[in-house]
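Read the structure below first, then the notes.
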Amino acid sequence: VRPSREGTPDSDPVARLLSLAVELVSARISFCVIGGLALHVRAPSHAPSDLDIVVAPGMVSALRARRGLQRVMRAYRDPYVPPILTASAREIARGREMRLQTVFGQLDVVGESLPEPYEQLAPQLMSNREWVRLGGHSVPVCSAGDLISIKLGTGRMRDAAHVRAL
């Protein structure tokens with residue numbers, strides 16, 4: 001039996017995911033928020049269920065990301081899930097994806113499933129990202145144009161509905 005989420009920093013899902021994003025920033029990971037939390041920034045009625053990020057391209061960013069993710073997972077992993085970080089820095093640099101469970105919620109490191117090749121889209125996301133103030137913290141979020149491109153590129157009906165909400 002799993003405990004309720006009351007033991008997490010906040011029982012509000014947006015606040016929990018924001019806390020996770022802030023931890024990633026403090027771990028000096030160069031990334032961009034895509035997906036549900038990015039949509040919430042532009043359409044506050046949307047409630048995200050997880051945190052989707054894209055790590056900046058390159059080996060230096062990948063090494064820093066791997067180290068930072070290990071630190072975050074040691075401190076905030078879901079106690080009922082093994083703290084497995086399955087990707088090497090080299091794999092992260094190539095866009096390897098990971099799904100990690102934390103006390104804040106699920107963290108998806110996205111790369112290979114982006115609608116365009118990671119090597120092409122990641123630099124664009126990083127250069128277009130916007131530092132948005134949420135709950136008193138600055139978080140790097142993909143631009144509205146990039147969010148629309150990603151959502152439309154998935155081909156999923158729910159993502160098309162999200163684009164209409166924008």
Side-chain angles (χ1 to χ4, degrees), residues 2-57 61 64-65 68-69 71-73 75-78 81 92 95-116 118 120-166:
R2 289 179 177 235
S4 73
R5 289 289 187 193
E6 296 304 315
T8 60
D10 197 312
S11 59
D12 172 38
V14 173
R16 283 198 319 262
L17 296 175
L18 175 59
S19 294
L20 179 54
V22 168
E23 288 300 322
L24 298 175
V25 170
S26 70
R28 300 179 35 91
I29 298 172
S30 182
F31 70 98
C32 179
V33 173
I34 63 171
L37 190 58
L39 180 61
H40 175 78
V41 166
R42 289 158 177 48
S45 62
H46 175 76
S49 59
D50 61 5
L51 179 63
D52 301 311
I53 67 166
V54 172
V55 173
S61 293
R64 184 177 291 149
L69 288 168
R71 185 185 116 202
V72 168
M73 290 304 293
Y76 301 108
R77 76 175 180 88
D78 183 326
V81 179
I92 294 170
R96 167 87 185 274
E97 300 196 348
M98 290 179 284
R99 177 164 284 169
L100 306 169
Q101 297 296 330
T102 75
V103 295
F104 299 107
Q106 182 174 297
L107 169 62
D108 290 328
V109 179
V110 181
E112 298 159 336
S113 66
L114 289 169
E116 297 175 36
Y118 170 80
Q120 294 172 1
L121 191 54
Q124 174 185 323
L125 291 170
M126 293 306 123
S127 67
N128 294 344
R129 69 185 173 172
E130 302 164 358
W131 286 85
V132 176
R133 298 276 307 161
L134 288 171
H137 301 282
S138 291
V139 177
V141 177
C142 69
S143 70
D146 287 339
L147 180 59
I148 289 169
S149 295
I150 290 169
K151 291 288 187 184
L152 291 177
T154 67
R156 297 182 302 204
M157 294 296 290
R158 71 174 184 196
D159 287 331
H162 292 159
V163 168
R164 284 192 294 278
L166 291 171

- Could you walk me through whether E23 and T102 pass side chain to side chain contact (heavy atoms under 4.5 Å, CB included), step by step? CA-CA 11 Å; E23 288 300 322; T102 75; over 6 Å; no
- Message: How close do L51 and L17 get, counting heavy atoms only, and between which atoms?
- Response: N-CD2, 3.8 Å
Table please: side-chain donor-acceptor pairs of residues 131-139 below 3.5 Å, with sequence neighbours left out.
| residue | atom | partner | partner atom | Å |
| --- | --- | --- | --- | --- |
| R133 | NH1 | S138 | OG | 3.3 |
| R133 | NH2 | G136 | O | 2.9 |

- Message: Please check: side-chain N/O of E116 versus main-chain N/O of L121, any donor-acceptor pairing under 3.5 Å?
- Response: no
- Over all heavy atoms of both residues, which pair between P115 and S149 is shortest? Give the atoms and the distance, please. CG-O, 4.1 Å
- Does any non-hydrogen side-chain atom of I34 lie less than 4.5 Å from one of L114? yes
- Item | pair L39-P48: side-chain heavy atoms closer than 4.5 Å | no
- Query: What's the spacing between R28 CZ and R64 CZ if we round to 0.5 Å?
  - Reply: 4.5 Å
- Query: Is there a side chain to side chain contact (heavy atoms under 4.5 Å, CB included) between S30 and R129 once you walk through the steps?
  - Reply: CA-CA 11 Å; S30 182; R129 69 185 173 172; 3.8 Å; yes
- List the steps, then state whether side chain to side chain contact (heavy atoms under 4.5 Å, CB included) holds for L100 with D78. CA-CA 9 Å; L100 306 169; D78 183 326; over 6 Å; no
- Task: Answer whether the closest heavy-atom distance between the side chains of F31 and V25 falls below 4.5 Å.
- Result: yes
- Item | Contact summary for I92 and Y118, nearest pair of heavy atoms | O-OH, 4.0 Å
- Specify the closest pair of heavy atoms between V110 and S113, including all atoms of both residues, with the distance to one decimal. CG1-OG, 3.6 Å
- Message: Run the side chain to side chain contact (heavy atoms under 4.5 Å, CB included) test on D12 and L18 for me, step by step, so that the C-alpha distance in whole Å, both residues' side-chain angles and the decisive distance to 0.1 Å come before the verdict.
- Response: CA-CA 10 Å; D12 172 38; L18 175 59; over 6 Å; no
- List for me each residue that meets salt bridge (charged side-chain N to carboxylate O under 4.0 Å, His left out) alongside E130, sequence neighbours excluded, and say none if there are none. R42
- Message: Would you compute the distance between atom CD of Q106 and atom CG of D52 and round it to the nearest 0.5 angstrom?
- Response: 8.0 Å
- Shortest non-hydrogen contact between C142 and L147, atoms and distance: SG-CB, 3.7 Å
- For S61 and V55, work out which heavy atoms get closest and say how close. O-CG1, 4.2 Å
- Rounded distance (nearest 0.5 Å) linking atom CD of Q124 with atom SG of C32: 10.0 Å
- Task: Would you mind listing every salt bridge (charged side-chain N to carboxylate O under 4.0 Å, His left out) that reaches into residues 98-107, with sequence neighbours excluded?
- Result: R99-D108
- Atom pair OH/CZ of Y76 and R16 - distance to nearest 0.5 Å: 15.0 Å
- Could you check if a side-chain atom of L107 sits within less than 4.5 angstrom of a side-chain atom of M73, using non-hydrogen atoms only? no
- Message: I'd like to know if the side chain of H40 and the backbone of A47 have a donor-acceptor N/O pair within less than 3.5 Å.
- Response: no
